[in-house]
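To start, the structure itself, in structure tokens.
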Protein chains: 2
Amino acid sequence: MSPEEGQRLASADRREQILAAASVVFGERGYAGGTTDAIAQQAGVSQAYVVRMFGGKEKLFRASAQRAAAKVSEAFRGAIATFDEGDDTHDKTLKLAVAYTELVADRGILLTLLHLFSLGHDESFGPLARSCFLDTYEIVRAEAGLSPEEASAFFARGMLTTTLLAMRMPDAADNPTAAELMQCTFGETTTDLIALSQGQHPLNSSGL
Amino acid sequence: MSPEEGQRLASADRREQILAAASVVFGERGYAGGTTDAIAQQAGVSQAYVVRMFGGKEKLFRASAQRAAAKVSEAFRGAIATFDEGDDTHDKTLKLAVAYTELVADRGILLTLLHLFSLGHDESFGPLARSCFLDTYEIVRAEAGLSPEEASAFFARGMLTTTLLAMRMPDAADNPTAAELMQCTFGETTTDLIALSQGQHPLNSSGL
DNA sequence: TCTTGTAGTAATCAGTTGATTACATCAAGA
DNA sequence: TCTTGATGTAATCAACTGATTACTACAAGA
């Protein structure tokens, strides 16, 4: 991950490196459970530097969540760019779903967003959560051209997929009920999603 | 909430009271962010008693999550009991969705479960999360008689609904995009869901 | 009435964590 | 070469939090 240990980096590079680490840690442990020390270790810098660079844990989480939302938007726009003239709704939805699948490769992105969404009651994070979600919804509606019903159904499947991955349902793939549920939910992307989620480290040791 | 302040209660009653308080606090702040002290205040007892009665925060969260899952199962079984001979899939799904809507009246239930699901990586909570979810899925499959595809679609909508409520999207109902999304997602239960979610206290003061 | 088990708390402790401060190190320009 | 600003850290602190201990108060049965 880090480009040679003990290297001095430009501020922007170090910032991105810390954000990537924050995505992993906040994704696994949530805002309250994710410590700045764990993020610092994951990024290979000192805890003090993490806090100072972002001006506090709260601002770091905001930046981390915004980065995650930006990656989702980016992935969807990339898929929309591949739309062809003759694509019907099913074609479009599948392309969007595949783009979504690729996001899963970085487990932290979707999990950090899930944690953000669970903070809707918070004065600071609530508005951010709603605007991040609605921005993405707008892309699927306006730029991809899906109807409200189609977009709602797309996000419904997306949220169930995210939830199943969050609870590591693929770890229970030997359970027939779990396998049936994942098969129906993930559809054509089942094999990819299970494979992607298998190799993912549960953060180096320790509990919450 | 408490039946007369300063009253001595039977162990079982106090236990239920603390579990209800835990549902509120864990629902708002998650496992890591929910303090035993906040739960004690919400229940009107001392922090020491909360910890001793359940043998620790972890066991309290387990009990709280299991109670939440049991309430969901109970609600679904209640809906299934109202199934008529001539009910088709749409009728059944609607009855289940209405039962789900009633769960929203206690915001803590669905949010505590959402937090449980986000702990899939945890050695202790991960298996619990998966079994709670699969138990509910089994009820909808076997007892309600939905096909795998129908059940998956039902849970997909359920997870999107839960997420939208978690992020308090009804608070942004004046936003046309948000209104459109909720209208399509909540369907026939839109008015009920928004009304239910309006009156819900964001826990008495304080931040995370 | 006396005893006893259960409900319940105040006080306190040790570990954790976000933040701050003072200091160290390096690279580039004058 | 010497200064200077930016990268980065060690040490430390105050607040918080889960847990423990020792204690009190009440209610029911003998």
Side-chain angles (χ1 to χ4, degrees), chain A residues 1-22 25-26 28-64 119 122 124-125 203-208, chain B residues 1-19 21-22 25-26 28-64 119 122 124-125 203 205-208:
Chain A
M1 170 173 282
S2 38
E4 297 181 43
E5 197 74 17
Q7 190 86 13
R8 272 172 88 100
L9 290 185
S11 174
D13 294 339
R14 192 62 91 186
R15 184 183 161 89
E16 169 59 22
Q17 191 181 30
I18 293 174
L19 282 175
V25 172
F26 283 136
E28 289 275 293
R29 309 186 189 178
Y31 173 67
T35 66
T36 55
D37 192 60
I39 293 167
Q41 280 185 245
Q42 181 80 12
V45 297
S46 69
Q47 182 261 347
Y49 194 48
V50 169
V51 171
R52 205 187 48 187
M53 170 165 269
F54 289 88
K57 184 183 175 181
E58 178 175 329
K59 288 176 184 165
L60 171 58
F61 184 73
R62 289 185 74 86
S64 177
L119 295 174
D122 186 86
S124 167
F125 298 130
L203 256 183
N204 37 1
S205 70
S206 76
L208 291 162
Chain B
M1 171 172 283
S2 38
E4 298 181 42
E5 197 75 16
Q7 189 86 14
R8 272 172 84 101
L9 290 185
S11 173
D13 293 340
R14 194 59 94 185
R15 185 183 161 88
E16 170 58 23
Q17 192 181 30
I18 293 175
L19 283 175
V25 172
F26 283 137
E28 290 274 291
R29 309 185 189 179
Y31 173 68
T35 65
T36 55
D37 192 60
I39 293 167
Q41 280 184 246
Q42 181 79 11
V45 296
S46 69
Q47 182 261 347
Y49 194 48
V50 168
V51 170
R52 206 188 46 187
M53 171 166 268
F54 288 88
K57 184 184 176 181
E58 178 175 329
K59 288 176 185 167
L60 172 58
F61 184 74
R62 290 184 74 86
S64 177
L119 295 174
D122 185 86
S124 168
F125 298 130
L203 254 183
S205 72
S206 76
L208 291 162

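Below, chain A is the first sequence line, B the second, and so on; all start at residue 1.
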Among dA10(D), dG18(D), dG8(C), which nucleotide has an atom closest to any side-chain atom of Leu9(B)?
dG8(C)

Provide a list of protein-nucleic acid N or O atom pairs under 3.5 angstrom, restricted to nucleotides 25-29 of chain C.
from: dT25(C); atom 1: O2; to: Arg8(A); atom 2: NH1; distance (Å): 3.1

One should read off an interatomic distance between Glu16(A) CD and Ser11(A) OG, to the nearest 0.5 angstrom, of 12.0 Å

Atom CE of Met53(A) and atom P of dA6(D) are separated, to the nearest Å, by 12 Å

Spacing of Lys57(B) atom NZ relative to dC16(D) atom C1', expressed in whole Å:
11 Å

Taking dA19(C), dT20(D), dA7(C) as options, the one with an atom nearest any side-chain atom of Ser11(B) is dA7(C)

Can you pull every protein N or O that's under 3.5 Å from an N or O on nucleotides 1-3 of chain C?
none

Heavy atoms from C-beta onward define the side chain here; which of dG18(C), dA11(C), dT21(C) lies closest to that of Thr36(A)?
dG18(C)

Scan residues 49-61 of chain B for pairs that pass side-chain hydrogen bond (donor to acceptor under 3.5 Å, both in side chains), counting only residues two or more places apart or in two chains.
Glu58(B)-Ser124(B)

For Phe26(B) and dT17(D), give me the distance from atom CZ to atom C1', rounded to whole Å.
13 Å

Leu60(B) CG to dA19(D) P: how many Å, rounded?
9 Å

With respect to the phosphate group of dG8(C), does any side-chain polar atom (N or O) of Arg14(B) fall under 4.0 Å of OP1 or OP2?
yes

Tell me, please, which residues at least two apart from Ala63(B) pass side-chain contact (heavy atoms from CB on, under 4.5 Å).
Arg15(B), Leu19(B), Phe54(B)

Polar pairs (N or O, both sides) under 3.5 Å between protein and nucleotides 12-16 of chain C?
none

Given dA19(D), dG18(C), dA11(D), the nucleotide with the shortest approach to the side chain of Val51(B)
dA19(D)

From CZ of Phe54(A) over to P of dT7(D), roughly how many Å is that when rounded to an integer?
12 Å

Touch class at under 4.0 angstrom, heavy-atom based, for Gly34(B) against every strand present:
sugar-phosphate

Could you tell me the separation between the CD1 atom of Ile39(B) and the C1' atom of dT17(D), rounded to a whole number of Å?
12 Å

Which residues satisfy the ring pair (Phe, Tyr, Trp, His ring centres under 6.0 Å) test with Phe26(A), sequence neighbours excluded?
Phe61(A)

Below 3.5 Å, can you tabulate the donor-acceptor pairs from side chains in residues 32-40 of chain B to any protein atom, sequence neighbours excluded?
from: Thr35(B); atom 1: OG1; to: Ala38(B); atom 2: N; distance (Å): 3.0
from: Thr36(B); atom 1: OG1; to: Gln47(B); atom 2: NE2; distance (Å): 3.1

Could you tell me which non-hydrogen atom of Ala21(B) sits nearest to which non-hydrogen atom of Gln42(B), and how far apart they are?
CB-CG, 3.5 Å

Integer-rounded Å distance: dA6(D) P and Tyr49(A) OH
11 Å

Would you say a side-chain N or O of Ser46(A) is under 4.0 Å from OP1 or OP2 of dG8(D)?
no

When the distance from CZ of Phe61(A) to C1' of dG18(C) is rounded to whole Å, what number comes out?
16 Å

Mapping Glu58(B) and Arg52(B) to their closest nucleotides on DNA chain D, which lands nearer the 5' end?
Glu58(B)

